[in-house]
There are 2 protein chains.
Amino acid sequence: MRIGELATKTGVSVRALRYYEEQGLLAATRSSGGQRHYLDDAVDRVYLIQMLYAAGLSSRTILDLLPCVDAKVNTPQSRAMLRAERDRIDRQITQLRQARERLDEVIALSESPANGCTRSDTDAARA
Amino acid sequence: MRIGELATKTGVSVRALRYYEEQGLLAATRSSGGQRHYLDDAVDRVYLIQMLYAAGLSSRTILDLLPCVDAKVNTPQSRAMLRAERDRIDRQITQLRQARERLDEVIALSESPANGCTRSDTDAARA
DNA sequence: CTCGCCTCTCACGTCAACGTCAGGTTTTAC
DNA sequence: GTAAAACCTGACGTTGACGTGAGAGGCGAG
């Protein structure tokens with residue numbers, strides 16, 4: 001498939017796909033006219049890349065991790081890297097949970113009837 | 001206290017503190033010579049700001065939320081905003097957990113004895 | 001009073017992951 | 001064969017949360 005189709009299938013922009021290739025994250029063959037062609041599994045690869053981006057990893061880190069995910073590389077170093085990133089994500093989740101708890105406290109306070117919240121207020125906000 | 005002390009106490013740079021003030025997140029009184037002075041509770045305020053930044057909120061969103069946290073504002077709109085941000089954090093946590101699971105799978109594979117991992121490899125990586 | 005450190009206000013630099021526009025080529029549909 | 005749609009390669013723009021000087025002024029110790 002060509003880049004436009006991959007873009008619509010994955011919901012990622014054409015520009016982003018070209019950027020992924022530039023970063024070495026996504027390979028493509030070229031037609032005689034120079035257009036990129038992708039295999040079907042490129043869709044999953046793009047999803048994976050997006051997932052890792054969403055987890056706060058940088059292009060560089062993803063580039064380092066992908067060979068491990070592809071199971072092409074399996075060294076003590078690569079496993080250490082994998083664990084390091086997993087731990088980083090764990091710490092980030094912990095931070096997010098703390099922020100969430102803090103927000104929940106504020107929400108509980110602001111919604112407690114003792115604090116000026118009327119039934120109609122709540123209902124209006126829900127609408 | 002002055003800005004340098006607040007910076008060392010919170011671990012945040014002086015530049016960042018000035019930026020927070022510029023964004024309306026952190027108030028300070030001024031000495032006759034124009035220097036910023038902070039009360040002790042500014043430390044907690046900075047921690048809170050940092051927590052919300054870490055949760056992926058923008059300066060603008062934090063600016064909107066702080067009056068709610070201070071319980072100075074309590075409208076249906078403000079409560080809706082609080083819930084919206086909490087839900088956004090929840091979704092982000094979910095995404096992070098998915099990424100973490102994915103990484104865990106890869107780690108499990110790379111560490112399975114069937115995949116070329118020897119005991120010494122693991123021990124070396126742990127050191 | 002002066003030395004040294006802290007602080008002040010501009011104001012430009014940075015970095016990542018793209019967005020966007022320009023100008024030209026390839027592919028597809030008819 | 002031709003027009004439209006999709007694609008190509010640069011290359012500059014964007015955004016947020018600061019970093020990093022430059023040059024000038026404030027402030028406590030001796």
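Chain naming here is simple, since letters A, B, ... match the order of the sequence lines and numbering starts at 1 in each.
Of the candidates C:dA17, D:dC18, D:dC8, the closest approach to any side-chain atom of B:Tyr20 belongs to D:dC18. When distances are taken from the side chain of A:Arg15 to each of C:dG19, C:dC8, D:dC18, the shortest belongs to C:dG19. Side-chain proximity of A:Arg18 to the nucleotides D:dC8, C:dT28, D:dA17 is greatest for D:dC8. The side chain of A:Ser32 lies closest to C:dT27, out of C:dT27, D:dC8, D:dC27. Side-chain proximity of A:Ala16 to the nucleotides D:dC18, C:dC18, D:dC8 is greatest for C:dC18. Ranking D:dT9, D:dT20, D:dA6 by closeness to the A:Arg36 side chain, first place goes to D:dT9. For A:Arg2, taking side-chain heavy atoms from C-beta onward, the closest of the listed nucleotides C:dT27, D:dC18, D:dG25 is C:dT27. Minimum atom distance to the side chain of B:Arg30 is reached by C:dT9, of the listed C:dT9, D:dG26, D:dC7.
In the model, B:Arg2 has a side-chain atom that pairs as donor or acceptor with a side-chain atom of B:Gln35 under 3.5 Å. No side-chain donor from either of A:Thr29 and A:Tyr38 sits under 3.5 Å from a side-chain acceptor of the other.
Rounded to an integer number of Å, the gap from CG of A:Leu25 to C1' of C:dA16 is 13 Å. Across the protein-nucleic acid pair, B:Arg60 atom CZ and D:dT15 atom P stand 15 Å apart, rounded to whole Å. A:Glu5 places its CD atom 18 Å from the P atom of D:dA5, with the value rounded to the nearest Å. Between A:Leu57 atom CG and C:dA17 atom P there is a gap of 10 Å when expressed in whole angstrom units. Taking atom CG of residue A:Leu63 and atom C1' of nucleotide C:dA16, one finds them 15 Å apart after rounding to whole Å. What separates CD1 of B:Ile3 from C1' of C:dC8 is a distance of 10 Å, to the nearest Å. If you measure from atom CD of B:Glu21 to atom P of C:dC10, you get 12 Å, rounded to the nearest angstrom. Between the OH atom of A:Tyr19 and the P atom of D:dC7 there is a distance of 21 Å, given to the nearest Å.
Taking side-chain N and O atoms only, A:Ser31 has no distance below 4.0 Å to OP1 or OP2 of C:dT26.
A salt bridge links A:Arg88 with A:Glu85: at least one charged nitrogen is closer than 4.0 Å to a carboxylate oxygen.
In terms of position along DNA chain D, the nucleotide closest to A:Gly4 lies nearer the 5' end than the nucleotide closest to the other residue of the pair B:Gly33 and A:Gly4. The nearest heavy atom of DNA chain D to B:Ser58 and to B:Gly34 marks one nucleotide each, and the one closer to the 5' end goes with B:Ser58.
The salt bridge (charged side-chain N to carboxylate O under 4.0 Å, His left out) with A:Arg36 is formed by just one residue from the set A:Glu22, A:Glu5, A:Glu21; it is A:Glu21.
Taking the side chain as every heavy atom from C-beta outward, B:Arg83 and B:Arg86 approach each other to under 4.5 Å.
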